[in-house]
Structures are given as structure tokens and as C-alpha cells.
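Each remark here refers to the structure printed beneath this line.
Just so you know, residue 1 is the first one in the sequence shown, and it goes up from there.
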Amino acid sequence: MVSLKILFTCVLAIPNITGNATSVRNGVTVAGGIGSGNATNQLHLPSGLVVDDDQTVIIADTWNHRIIQWKKDDTNGQVVAGGKGLGNRMDQLNYPSDVLIDKVTNSFLICDQNNRRVVRWSRLSSTTQGEILINNIFCYGLFMDDQRYLYVSDIGMHGVRRYQMGDTNGILVAGGNRAGSGLNQFKLPTYLFVDRQQNVYVSDRDNNRVMKWGKGATEGIIVAGDQEKGSALTQLSSPHGLFIDTLGAIHVVDSGNHRVIRWVQTDKKQGTVMVGGNGLGSRANQFYSPEDLSFDPHGNLYVTDRYNHRVQRFSFE
């Protein structure tokens, strides 16, 4: 499988995580973890993240209104976008919720959620402000496929729109039929993933399920969760971060259950806990409302542990 959110340019193969793979149950803190704050060694309620090929972790540090990156083994991060306080100037962000890397333009694409816009921010060190790509969208999650289409989940319209780069209108590809629990609806879609066939997978948070919409479909199918909020292996509670490997296995951050769970598509009835699932807490094998996940080219799993104000890394065996 390839690295989450840089699918379109990544050529490094990551081994598929098979159904019987086990992880090191204790995570290693690679960013934050010393309480909430706005120092460069702290995070404050982080949300989306992406990991670059060199294991640099780029994080939407939501309540600090900034994007911050942590190079491997560093004890401090570096602010790479925002960090000028809450605001709507082009050098400011307002509760950013997700970030991805566009290697073609050497830039970050950022869901600037409360400014209701998607912005692009160059990775050049001389950059002091971003530029607006899409306006008037209450975005939550972002994904770019291998054809450079940008997908954005819109929690205002409860749908997902797809954009060609340079297009400010986009087209609706999933949901958009008001909030609801029907197969053609979402109720607060969060993170998303798009495979090479342009199937759109969406964490449908308040319906406690993951939906799959085929290309051109007018409704989706439930591929994880049974729509009832709960902690059984058949259930999800406020799903967030999402990754689909090349075997079709679904990896989802089960936020309300403080765990990451995997659904292997040969057995759609229930998932398997990958990491967490040991109750709410701050120990190395626990989360407190985790938010997003990403993999690096070596197959390590990274999770934003939101209310512990940290990012945890897990290795697989």
C-alpha cells in the first residue's frame, strides 16, 4: 500500500498489513505529548496528519491555528503554515482540520475549516502566506487521488465534492442530500479515502459507519460499522481517520472507542482492533479521542491522539 494522502506521487511500496499482522501495542510519541500549549514542542487538539517519505510528520494543529511539522527524532516542531493567531488573513488559519502534501507543486493543501476554504501553502521556507484554492466550503477532510483530483468532505452540505486543480466549483460525488441515515446521505462526513478506481470511502461520523460510493453512484454501501453506536467489534463510535490498503482492508480511527480498528473485506461483519482499545487514557497503549491516521513508507502507523495532544507511532510485525 502507499502512503495516505500522497497516493498520487508516492512510488514506494508499503507491505499490506495482513489480517493476522500484529502491532507493537505501545506507541511511541513522535510529536507533542507534554500537555496542551502553543510552544513548538507542544500541540493543542491536533486533527489531520500526513507523513512524508522521510518520516516527517505534518500535523493540523487545530487549536493553535497552524500546520506544524516534526522531523524524525526532533524534540521540537516547525510551524510551516499559519501560527499567526486565529484569523482570516492569508497568513492565518482558523481551526484547520486536515492537511495533505502536493508534491507536484511542492506545497501543502489545507482544510482551513472555520474560514470555510481550502488553501495552498508552498513548502518553500520563504513562504509567509497561502492562497485560496476553494472558497465557501465547510470542509473537514481532504484527499487527492492519483489523477490529481482533489476530494473535499463538506460538513455543511453533508457531502463530498471532487475538484480538478484550478476548478473552484467541483462536482458532487457522494451524499449532498441533507443530513440523514439513508444510503444516499451522510450525517457529518469527516475523513475520506479514494482508491485507484475512484471509489470514495467516507467516515460518516454521526451515523457511526464507513460508506463506500462507487464512481458515478447515487448511493453508497456500508462497509464498516452497523450504524448503531457501540463498542462491539461490529460497531463504531464517531469514526474519523480512514485508510484503505490495496487488499481492500479498511483502517479506521474509531474515535469514541479510543482505538484504531481494521475491517478485512472478506469478513465484513466485524473488525479487529489494531491499536488502542484499552479504555480512555494517556498510557502508551491508550488514546483519548484519536482523530486521524497515516502510514509512512516503512509501514509504521501514526495516529493523532487528540485530547492527549500528541502523535503516536506504532510498528507492525
| said: Within the structure provided, determine whether D98 and Y191 are in side-chain contact (heavy-atom separation under 4.5 Å). | reply: yes
| query | Is there a side-chain contact between Y307 and L45 (heavy atoms, below 4.5 Å)? | reply | yes
| D167 side chain to G170 main-chain N or O, any donor-acceptor pair under 3.5 Å? | yes
| query | Hey, do the aromatic rings of F143 and Y151 have their centres closer than 6.0 Å? | reply | no
| said: Are the side chains of Q198 and Y149 in contact, using a 4.5 Å heavy-atom criterion? | reply: yes
| query | Quick check: are there more than 12 heavy atoms from other residues, nucleotides or ligands sitting under 6.0 Å from CD of E219? | reply | yes
| query | Under 3.5 Å, is there a donor-acceptor pair between the side chain of Q312 and the main chain of V303? | reply | no
| query | Among R205, R259, K229, which one satisfies salt bridge (charged side-chain N to carboxylate O under 4.0 Å, His left out) with D254? | reply | R259
| message | If you compare all heavy atoms of W70 against all heavy atoms of I68, which two are closest, and at what distance to 0.1 Å? | response | CZ3-CD1, 3.9 Å
| query | Distance-only, no hydrogens or angles: does the D305 side chain make a donor-acceptor pair with backbone N or O of Y288 under 3.5 Å? | reply | yes
| request: Carefully, step by step, assess F193 and F295 under the rule ring-ring contact (aromatic ring centres under 6.0 Å, His included). | output: CA-CA 13 Å; F193 190 98; F295 289 91; 10.0 Å; no
| request: Could you tell me whether the side chain of D102 reaches within less than 4.5 Å of the side chain of V104, counting heavy atoms only? | output: yes
| With a 4.5 Å heavy-atom cut-off, do D91 and T128 have their side chains touching? | no
| remark: Residues N308 and S282: closest non-hydrogen pair is OD1-CB, 3.4 Å
| request: Without swapping roles, check the side chain of N64 against the backbone of G37 for a donor-acceptor pair under 3.5 Å. | output: yes
| field | Flag for T40-N76: side-chain donor and acceptor within less than 3.5 Å | value | yes
| Do Y140 and F186 have their ring centres less than 6.0 Å from each other? | no
| field | Pairwise side-chain contact, V200 with K212, heavy-atom cut-off 4.5 Å (strictly under) | value | no
| Distance (rounded to the nearest 0.5 Å) between K103 NZ and R123 CZ | 7.5 Å
| request: Identify the heavy atoms of W121 and L93 that sit nearest to each other, and give their distance. | output: CZ3-CD2, 4.4 Å
| Residues which pass side-chain hydrogen bond (donor to acceptor under 3.5 Å, both in side chains) with E131, listed by chain and number, not counting sequence neighbours | R120
| Are R161 and D154 within salt-bridge range, i.e. N to O under 4.0 Å? | no
| said: Assess whether a salt bridge exists between K72 and D296, defined as any Lys/Arg side-chain N lying under 4.0 Å from an Asp/Glu carboxylate O. | reply: no
| query | Any donor-acceptor pair under 3.5 Å linking the side chain of R66 with the backbone of A81? | reply | no
| query | Is the shortest heavy-atom distance from the side chain of I222 to the side chain of M211 under 4.5 Å? | reply | yes
| When W213 is tested against each of V160, N184, I221 for side chain to side chain contact (heavy atoms under 4.5 Å, CB included), which residue passes? | N184
| Aromatic ring pairing W63/Y95, orientation class (parallel under 30°, perpendicular over 60°, tilted between) | perpendicular
| message | Does either side chain, that of S47 or that of T62, offer a donor lying less than 3.5 Å from an acceptor on the other one? | response | yes
| query | Any idea which heavy atoms bring S203 and P239 closest together, and the distance? | reply | CB-O, 3.6 Å
| message | Please check if the number of heavy atoms outside Q129 that lie under 6.0 Å from its CD is greater than 12. | response | yes
| field | Flag side-chain contact, heavy atom, 4.5 Å: L242 against I250 | value | yes
| query | Is there a donor-acceptor contact under 3.5 Å from the side chain of D112 to the main chain of N94? | reply | yes
